[in-house]
Amino acid sequence: MSIRRQLLLAAGAVAGVLAVIPAKAQDAVKIGLILPMTGGQASTGKQIDNAVKLYMQQKGDTVAGRKIEVILKDDGAVPDNTKRLAQELIVNDKVSFIAGFGVTPAALAAAPLATQAKVPEIVMAAGTSIITERSPYIVRTSFTLAQSSTIIGDWAAKNGIKKVATLTSDYAPGNDALNFFKQNFTAGGGEVVEEVKVPLQNPDFAPFLQRMKDAKPDAVFVFVPAGQGGNFMKQYAERGLDKAGIKVIGPGDVMDDDLLNGMGDAALGTVTAHLYSAAHPSAMNKDFVAAYKKAYNQRPGFMAVGGYDGIHLIYEALKKTGGKTDGDGLIEAMKGMKWESPRGPISIDPETRDIVQNIYIRKVEKVDGELYNVEFATFEAVKDSGKTKK
């Protein structure tokens with residue numbers, strides 16, 4: 001064989017290898033999952049990461065002929081970290097989606113990058129109403145505080161609670177929770193007798209709780225982000241508010257399922273309005289809870305469901321686009337999508353790209369020796385009233 005022919009064959013072989021390499025790299029659809037895996041919001045990050053892994057174990061890691069690759073990044077719920085990580089994922093890793101976002105400031109920090117790069121931002125946790133208005137490429141699978149806070153405000157006013165003291169975390173979701181609760185509770189004839197805002201990072205609730213006890217309300221309305229409810233309930237019991245007959249009400253974040261069992265009997269009787277309970281009686285949820293417990297040795301909370309539905313939305317959008325990752329096409333595919341979730345029926349509002357879902361009134365009860373949020377009333381297909389009233 002001539003040298004020329006050998007060189008041509010060798011060149012052809014190299015070209016063949018090079019042709020295969022980019023094709024394989026291109027075949028993978030990359031998802032940048034930005035979550036607080038450390039710090040005060042770590043339980044949120046772990047729940048979502050666990051749920052995404054569980055979904056992919058159940059459904060496989062290939063959609064519409066494309067391999068799915070998740071790149072997990074820890075932002076510690078610090079917005080500057082979120083922005084930097086989102087930029088690196090979009091520019092260097094060429095992700096087709098950014099997802100996760102444990103707190104509102106993190107979701108907002110990534111919004112301009114999603115718009116600029118036309119990359120869908122799937123919000124699996126953060127709950128402030130304005131988030132989806134900050135970019136046409138944001139879609140949410142978690143909740144908004146307006147959905148639950150308006151409903152618990154109405155319920156309290158109609159169920160013998162006349163005076164309420166409020167304790168909310170001092171950032172956007174806490175302000176949403178407070179404002180929407182007050183709006184509905186006072187419209188129903190209730191009175192807010194004490195109003196306290198606590199720092200988001202490392203709060204000490206004890207001095208604030210003493211103020212609330214002194215105000216002698218019928219109930220304390222509480223919003224703290226997922227992960228802080230256990231500490232709140234410990235100090236609530238230590239300060240004797242439970243023995244003083246002061247009830248706890250609020251959106252369900254304070255009674256997060258993954259922490260509920262550790263709160264002790266002080267949590268019994270707490271009534272909250274929320275999108276999900278591990279005790280939700282559907283067959284799908286029973287299967288979900290069993291699979292999650294088997295995989296991670298703990299029960300899932302509402303953050304896990306936000307992650308599970310978020311990855312489902314990505315899979316279904318890719319099916320509709322035939323595996324194409326054009327941002328505009330993916331967003332169009334997501335608008336109006338409906339499916340059955342472990343939490344119940346949900347959909348994506350085609351106008352706002354926000355989630356529409358049932359909100360349940362629940363009461364903490366003992367079931368087989370464990371504490372659960374047991375649902376006793378359902379409000380169907382609740383939209384975000386923070387947007388519907390605009």
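Side chains are part of it too, since the values below use all heavy atoms of this structure and drop only hydrogens, waters and symmetry mates.
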### Message
Using the ring pair (Phe, Tyr, Trp, His ring centres under 6.0 Å) criterion, which residues pair with Phe302? Sequence neighbours excluded.
### Response
Phe143, His274
### Mutual orientation of the aromatic rings belonging to Tyr315 and Tyr55 [parallel < 30°, tilted 30-60°, perpendicular > 60°]
perpendicular
### Message
If we count only N and O atoms by modelled type, under 3.5 Å, do the side chains of Tyr308 and Gln58 hold a donor and an acceptor together?
### Response
yes
### Query
Does one side chain, of Asp258 or Gln298, offer a donor that lies under 3.5 Å from an acceptor on the other?
no
### Message
Assess, by modelled atom type and distance only, whether the side chains of Thr82 and Asp75 contain a donor and an acceptor separated by less than 3.5 Å.
### Response
yes
### Message
Within the 3.5 Å criterion, strictly below it, is a donor on Asp384 or Thr144 matched to an acceptor on the partner's side chain?
### Response
yes
#### Entry: Stepwise salt bridge (charged side-chain N to carboxylate O under 4.0 Å, His left out) test for Lys182 and Glu195
CA-CA 10 Å; Lys182 271 170 65 177; Glu195 204 172 292; 3.0 Å; yes
### Query
So, Asp214 and Gln210: side-chain donor and acceptor under 3.5 Å apart, yes or no?
yes
### Message
Is it the case that the side chains of Asp204 and Gln235 hold a donor-acceptor pair, with the cut-off being a distance below 3.5 Å and no angle test?
### Response
yes
### Query
Looking just at side-chain N and O atoms, do Asp257 and Tyr372 make a donor-acceptor pair shorter than 3.5 Å?
no
### Query
Do Asp176 and Thr128 get their side chains close enough for a donor-acceptor pair, meaning under 3.5 Å?
no
#### Entry: Check: Thr150/Asn184 side-chain N/O donor and acceptor closer than 3.5 Å
no
### Message
Between Asn50 and Tyr292, do the side chains contain a donor N or O and an acceptor N or O under 3.5 Å apart?
### Response
yes
#### Entry: Steps toward salt bridge (charged side-chain N to carboxylate O under 4.0 Å, His left out) verdict (Asp61, Lys67)
CA-CA 6 Å; Asp61 62 358; Lys67 189 90 168 167; 2.9 Å; yes
### Query
Would the Tyr236 and Phe205 ring centres measure less than 6.0 Å apart?
no
### Query
If we ignore angles and hydrogens, is there a donor and acceptor under 3.5 Å between the side chains of Lys73 and Asn81?
no
